[in-house]
Structure formats: C-alpha cells, structure tokens
Amino acid sequence: NLSDKLHGVFKKLKGHGKLTESNIKATLREVKLALLEADVNFKVVKSFIDEISQKALGEEVILSLTPAQQIIKIINEELIHIMGDEDSDLNLKAVPPVGIMLVGLQGSGKTTTCGKLANYLRKHGKSPLLVPADVYRPAAIEQLKTLGKQLDIPVFDSNIKQNPVKICKAAKDFALKNAYDVCIIDTAGRLHIDEKLMAELKSIKKKVGPTEVLFVADAMTGQEAVNIAKTFDDILDITGVILTKMDGDARGGAALSIKHITGKPIKFIGVGEKLNQLEKFHPDRMASQILG
Amino acid sequence: VFGKKKIDAELLEELEELLITSDLGVKTVQKLIASVEDKVSRKLLNDASELKNTLKEDIYQILAGDEKPLEITKKPYLVMVIGINGVGKTTTIGKLASQLKAEGKSVLLAAGDTFRAAAIEQLEIWSKRADVGFIRQAQNSDPAAVIFDAIASAKSRGIDVIIADTAGRLHTKVNLMEELKKLFKIARRELGEDHIETLLVLDATTGQNAVSQVKIFHKEVGITGLVVTKLDGTAKGGVIVGIADEFKIPVRYIGIGEQIDDLRVFNAQDFVDALF
Ligand SMILES: Nc1nc2c(ncn2[C@@H]2O[C@H](COP(=O)(O)OP(=O)(O)OP(=O)(O)O)[C@@H](O)[C@H]2O)c(=O)[nH]1
Ligand SMILES: Nc1nc2c(ncn2[C@@H]2O[C@H](COP(=O)(O)OP(=O)(O)OP(=O)(O)O)[C@@H](O)[C@H]2O)c(=O)[nH]1
Ligand SMILES: [Mg+2]
Ligand SMILES: [Mg+2]
C-alpha cells in the first residue's frame with residue numbers, strides 16, 4: 001500500500017543524508033500513482049499534489065525522523081478536508097411534502113437507494129411516499145412497487161404511458177392531500193450527454209421544487225466521474241451525492257473526483273443490496289480506502 | 001496532442017494524460033509509454049504523428065487477440081450471463097436474444113435472477129420484445145432449479161441457444177460466488193463444458209475495479225467471453241486493454257445503448273480509433 005511504498009522510498013533516500021526538495025518530489029510521484037490507481041481523476045490528482053506539495057516540502061517533513069509518516073499524515077488530512085462537509089445531513093427544512101429527487105447514470109443504484117432512503121426516513125419518524133418516475137426501463141415501476149411492498153411504504157401509482165414530469169407533479173399533489181412528509185422520486189438512469197433526458201430532469205426539478213437533488217454514483221466509476229458529476233451539477237445544481245456499491249473492493253477515487261469538481265456534500269453510501277444498507281458518509285474512512 | 005511536430009517530455013506527458021483519462025490504468029500506460037520511449041531513443045520514431053500511429057498499433061495488437069466472435073458450436077448451447085450489480089446483464093440478454101433470432105437460431109431465456117425486485121418481470125419484457133422463449137419459476141426460488149429446468153426444456157424442444165440471466169453480485173461476496181459456482185456445476189453436469197459460454201458483463205464507466213472483477217470471476221468460474229456495455233457514454237472503457245493483455249479473454253460484444261438493436265460485435269480497430 002501507499003504507506004509501505006513511501007517508507008520504501010525514504011529508506012532508499014536515508015543513505016543520502018538530509019532530505020531535500022527533489023527527493024520529496026520522488027515520494028509525491030508515488031502518491032500520484034497511488035491516487036491514479038485508485039481511480040482519482042488525472043486533473044484532480046494534479047491539483048491535489050499541488051495543494052499538498054507546499055506542506056510536503058516544509059520543515060515538518062524535512063526535519064522529521066519519520067518523513068514517510070509525516071507525508072501520509074498530510075495527505076490524509078487533506079483528503080478528509082476536501083471530502084468532509086458540515087452540511088451532510090438530508091435537508092428536510094421545507095413545507096411538507098419535501099421532495100427528494102434521485103438522479104444518475106444507468107445502473108448506479110437509484111431505485112434501490114430510493115427504497116433505502118424511504119426506510120431511513122421512516123425510522124426517523126417521517127412518512128415517505130415513493131414516486132416511480134422511470135417510464136423507460138422495463139419493469140422499473142414494478143421494481144419500486146416491490147420495494148415499497150417489502151417495506152410497507154406507499155408507492156404512488158404511475159404507469160409507463162405517463163409523462164415523468166406529470167407523474168412527479170401529480171405525486172406531489174397527492175402527497176400534500178394525504179399528509180405525506182417526503183416524496184422520494186426515482187428517475188430513469190440516463191447519460192449526462194443526453195440533452196433531451198437531462199432537460200426532462202430539469203423540468204421535474206422546476207415543477208416539483210425538491211429540497212434535495214441527489215446524484216447517485218457508483219463507487220467504482222473511473223476517470224469520467226469528473227465530467228459526469230460536473231454535467232449533472234451544472235444542469236441541475238445537485239444538493240448532494242450518494243455513493244453506492246461501497247461494499248465492494250473498489251478504492252473509490254471517484255469520491256474525491258466528484259467532491260473536488262462539484263463541492264457538493266457526499267451524504268450517504270450504499271453498502272449492500274438490502275434496504276437497511278445505507279450509511280452516513282465518513283470522510284476519514286473514505287480517505288484510508290482511497291489510499292489503499 | 002498530435003498536431004505538434006517534435007517528440008518531447010511535454011508530448012509524452014500529454015499522451016500519458018490521454019491514456020490515463022481513458023481508464024487504461026497506470027501499469028498499462030507505463031508499459032505503453034516505455035515501449036514508445038524506447039523506440040524514440042533508438043531513433044525509430046521521429047515525429048508526433050509517427051508516435052500516435054505506433055501507440056495505436058501497439059494497443060491494437062493487444063486487443064486484436066481478443067477479437068473472437070461468439071460461435072454457437074453445440075446444441076443446445078448455454079450462454080451464462082454473469083457480472084456485478086447494474087452493469088447491463090439483463091438488457092444485454094434481450095439484445096443478444098434478438099440478434100441470435102435474426103441469425104436463425106431458436107432462443108430460450110432463463111430467468112436465473114430469482115432474487116432482485118422485478119428482475120424476472122424485466123427479463124420477461126425483453127423476451128417478448130425479442131420474441132423468444134422464456135422460462136421462469138417463483139420469486140426467491142432456487143436459481144439452479146431454473147437453469148436445470150431451462151436445459152431440460154431446451155433439450156426436449158430442440159432449442160438452439162439458452163441464455164441464462166443471473167443476479168448481479170459483487171465478486172467480493174463469498175457466499176454469492178459460491179451460489180454462482182453451484183449454478184455452473186449443475187450446467188456443466190447437464191450439458192458439458194463445451195456447450196457453455198460464460199459471459200462476464202463489464203460496465204465501460206467502471207475504473208480499475210474491472211480488473212479485480214475479471215480476475216475473481218475468472219478464478220471462481222472461468223470466463224470465456226466479455227461484454228463491455230454503456231460505450232455510448234463518454235467513458236472509453238480503456239480498462240479492457242490491461243485486461244486483454246493479462247487475461248486474453250475474448251471481448252464478444254459491446255453495448256452502445258438501451259434499445260434492442262444496441263449491440264455490436266467487438267471490433268478492435270474501432271475501439272482503438274475511439275480512444276484517440
Ligand atoms: N452490492 C450493492 N449493490 C447495490 C447497491 N445499491 C444498489 N445495488 C444493486 O445494483 C443494481 C442496480 O440497482 P438499481 O437500483 O436497479 O439501479 P438504478 O440506478 O435504479 O438503475 P437504472 O434505473 O437502470 O438506471 C441492483 O442489483 C441493486 O441491488 C449497493 O450499495 N451495494
Ligand atoms: N446507455 C446504456 N445503458 C445501458 C446499456 N446496457 C444496459 N444499460 C442500462 O443499464 C441499466 C442496468 O441494466 P440491467 O440490464 O438491469 O443491468 P443488470 O446487470 O442486469 O443489473 P442487476 O441485475 O441489477 O445486477 C438499465 O437502465 C439499462 O437500460 C448500454 O449499452 N448503454
Ligand atoms: Mg432504476
Ligand atoms: Mg439483471
């Protein structure tokens with residue numbers, strides 16, 4: 001892992017006497033490679049290395065008896081600083097029914113996460129309504145209805161002949177009439193470059209006015225995480241991110257890329273297929289996972 | 001990158017960035033750059049355009065070995081479709097069924113994902129769209145029973161190809177990998193190894209974790225073919241270069257969209273051209 005690699009680099013350097021700028025730069029190269037192998041975006045890595053290099057070249061490291069440890073400490077602190085966020089709770093401060101809209105690429109885990117969020121909110125004393133607004137994917141509405149049944153949480157009745165924007169508006173009216181606290185909207189997966197479908201999301205947001213537009217991203221997303229997240233954010237002004245499939249062995253560098261490019265808080269992580277497998281995001285745990 | 005004329009450190013760094021951002025991965029990129037640097041030092045490459053062509057050729061050579069289309073060589077032939085959650089297995093089966101039917105084959109889809117909400121319903125809709133046979137059991141029934149049932153039905157009805165859907169599973173989940181191994185044990189017992197294609201589906205948007213997926217699925221059940229989906233997005237799927245180099249498993253198809261016709265036979269040259 002990175003810690004071992006850096007120890008190895010410094011061990012070789014010890015023979016050369018006191019540490020210098022150029023040999024610390026050698027260790028920064030190891031950090032760059034480790035972050036790239038963890039799927040952090042190339043440009044994000046460059047900017048990250050620039051941000052830590054001042055500290056890495058400072059007295060704290062050069063005069064230290066354990067320079068490798070010092071560098072790791074600096075990297076860890078910077079990662080936590082970037083990925084942490086005070087504002088990572090769900091924003092439910094609005095007149096009910098509060099809208100939460102889930103968006104993202106195909107297969108990232110939105111429908112399952114809608115179920116998890118409904119479960120989470122009910123545990124916190126809210127009465128959620130699940131809204132199936134995916135009229136494209138075969139059996140998507142059935143999928144959300146099945147999850148609702150498993151949880152005994154109501155699902156708004158929609159069908160594939162309807163328009164997603166109209167579904168969401170009708171669901172909000174229904175939620176208001178029937179005193180639901182939260183509407184959790186499941187949208188169809190789509191490419192960030194699909195103008196027509198991205199415009200559809202913008203219309204839903206305009207019609208329904210959700211307090212949360214959550215970008216659901218697969219933790220194992222590669223280099224494109226930056227462009228994908230930036231596009232969703234530019235078009236929709238997302239309020240937060242949920243990283244799914246964190247129960248795998250992906251290093252999860254996409255987390256750093258997404259936070260870096262959007263500045264929006266990572267609010268939850270999905271850690272399994274079951275509907276209770278949603279956890280709060282912990283930047284310190286993510287930092288050590290990325291560093292491997 | 002390649003408009004410039006001479007080869008220098010800046011050019012090589014731009015090249016490194018191009019390949020890394022296409023998800024080729026550090027190890028593979030270092031190997032490709034080292035080989036190009038070697039040719040430069042031996043004066044075999046003189047300008048940027050020669051550099052580009054050499055690099056394209058090197059990558060092409062790695063991928064060309066993986067360009068082996070699926071051949072239905074026995075009857076009934078079973079295609080087991082496996083992979084992690086959400087990569088596009090069920091959708092790919094719908095597309096493949098339609099393609100094989102167009103080639104004159106009789107096809108039966110086996111609803112082997114008995115676990116995920118509405119998975120059986122999703123595959124049934126695809127079987128109707130492709131106008132092929134469909135076999136299922138109750139939700140939460142044993143997937144092995146569905147596979148067994150499908151094989152027996154195909155044998156008695158003289159069906160050419162069975163395509164079996166399986167539940168998405170992370171390669172790190174030991175109990176789910178054990179369940180998968182059991183499915184293969186049954187299939188191999190009922191049909192024989194030479195009647196089976198084991199297709200691992202990968203999502204082009206995935207980064208280096210795809211290597212771990214291939215490594216573990218291959219170790220546990222033996223992969224005979226790969227499918228890379230979602231290449232209609234902006235991700236280049238460059239991770240398959242390192243995978244081709246290390247595992248030499250053929251890439252059978254690529255997925256380029258969500259409709260029934262959005263499946264293409266893998267072409268190494270097209271793939272390399274799209275990288276640059
Ligand atoms: N292991 C694991 N699997 C997950 C997680 N979240 C979702 N999944 C699985 O990922 C697959 C895709 O989930 P869906 O909820 O259908 O994804 P989606 O984003 O709604 O997909 P589309 O609607 O097609 O865009 C399913 O098999 C889920 O069970 C997670 O945190 N961990
Ligand atoms: N754009 C695009 N989307 C695709 C492609 N292949 C599949 N999808 C979409 O990806 C999502 C997931 O597809 P599924 O077929 O349900 O994936 P899966 O692997 O069966 O998922 P699980 O069974 O839950 O593990 C769906 O929204 C599909 O329409 C592709 O080639 N391009
Ligand atoms: Mg969905
Ligand atoms: Mg499926």
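Values in this document were obtained by computation on a predicted structure and should not be read as measured data. Chain letters run A, B, ... following the sequence lines, proteins first and then strands; every chain starts at 1.
Residue with the most contacts toward chain B among A:Gln223, A:Lys149, A:Lys43, A:Lys145: A:Gln223 (heavy-atom pairs, distance under 4.5 Å). With respect to chain A, the highest number of heavy-atom pairs below 4.5 Å among B:Glu16, B:Arg116, B:His171 belongs to B:Arg116. For the set A:Thr146, A:Asp218, A:Asp39, the entry with the most heavy-atom pairs within less than 4.5 Å of chain B is A:Asp39. Contact count versus chain B (heavy atoms, under 4.5 Å) is highest, among A:Thr221, A:Thr112, A:Ile228, A:Val226, for A:Thr221. Of the residues considered (B:Ala210, B:Gly168, B:Ala235, B:Gly25), B:Ala235 shows the highest number of contacts with chain A, using heavy-atom pairs under 4.5 Å. For chain B, the option among A:Glu142, A:Arg251, A:His192 with the highest count of heavy-atom pairs below 4.5 Å is A:His192.
In this structure, CD on B:Glu258 lies 4.0 Å from CD on A:Gln106, to the nearest 0.5 angstrom. In this structure, CD in B:Glu17 is found 8.5 Å from CG in A:Asn41, a value given to the nearest 0.5 Å. B:Gln259 contributes atom CD, which lies 11.0 Å from atom OH of A:Tyr136 (distance to the nearest 0.5 angstrom). Residue B:Leu176 holds its CG atom at 7.0 Å from CD of A:Glu273, rounded to the nearest 0.5 Å. Within the model, atoms CG of B:Asp232 and CG of A:Asp194 stand 9.5 Å from one another, a figure rounded to the nearest 0.5 Å.
Looking at A:Leu144, there are no atoms closer than 4.5 Å to chain B (heavy atoms on both sides), in backbone or side chain. Heavy atoms closer than 4.5 Å to chain B are found nowhere in A:Lys110, neither backbone nor side chain. With a threshold of 4.5 angstrom between heavy atoms, B:Lys236 does not approach chain A through any atom at all. Looking at A:Leu36, both its backbone and its side chain come within 4.5 Å of chain B, counting heavy atoms on both sides. Only the side chain of A:Ile193 comes within contact range of chain B, judged by heavy atoms closer than 4.5 Å. Looking at B:Gln30, the atoms closer than 4.5 Å to chain A (heavy atoms on both sides) all sit in the side chain, from C-beta outward. Within the 4.5 angstrom heavy-atom criterion, only side-chain atoms of A:Arg137, from C-beta onward, approach chain B.
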*Give the intermediate values and the outcome of side chain to side chain contact (heavy atoms under 4.5 Å, CB included) for residues A:Met220 and B:Leu170.*
CA-CA 11 Å; A:Met220 57 191 90; B:Leu170 294 184; 4.3 Å; yes

_Let's go through B:Lys173 and A:Asp247 carefully: what are the C-alpha distance in whole Å and the side-chain angles of both, what is the deciding distance for side chain to side chain contact (heavy atoms under 4.5 Å, CB included) to 0.1 Å, and is it a yes or a no?_
CA-CA 9 Å; B:Lys173 306 258 158 118; A:Asp247 45 318; 2.4 Å; yes

*Hey, mind stepping through A:Lys46 and B:Glu13 against salt bridge (Lys or Arg N to Asp or Glu O under 4.0 Å) and telling me if it holds?*
CA-CA 12 Å; A:Lys46 252 193 155 180; B:Glu13 165 147 358; 3.1 Å; yes

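Around the CG atom of A:Asp152, the shell of radius 6.0 Å holds no more than 12 heavy atoms that belong to other residues, nucleotides or ligands. Residue B:Lys31 places its NZ atom among 12 or fewer non-hydrogen atoms of other residues, nucleotides or ligands, all under 6.0 Å distant. In B:Lys181, the NZ atom is crowded: over 12 heavy atoms of neighbouring residues, nucleotides or ligands sit closer than 6.0 Å.
The two residues B:Ala117 and A:Leu147 have their closest heavy-atom pair at CB-CD2, 3.9 Å. Scanning both residues, A:Asp249 and B:Ser212, for their nearest heavy atoms gives OD2-OG, 2.7 Å.
Residues of residues 199-207 of chain B having a heavy atom under 4.5 Å from any heavy atom of chain A, listed by number: B:Thr205, B:Thr206, B:Gly207. Among the residues in residues 79-98 of chain B, those with a non-hydrogen atom closer than 4.5 angstrom to a non-hydrogen atom of chain A are B:Ile84, B:Asn85, B:Gly86. When the heavy atoms of residues 118-136 of chain B are compared with those of chain A, the residues falling under 4.5 Å are B:Ala118, B:Glu121, B:Gln122, B:Ile125, B:Trp126, B:Arg129, listed by number.
Shown here are the ring pair (Phe, Tyr, Trp, His ring centres under 6.0 Å) partners of B:Phe115, two or more places apart in sequence or in another chain: there are none.
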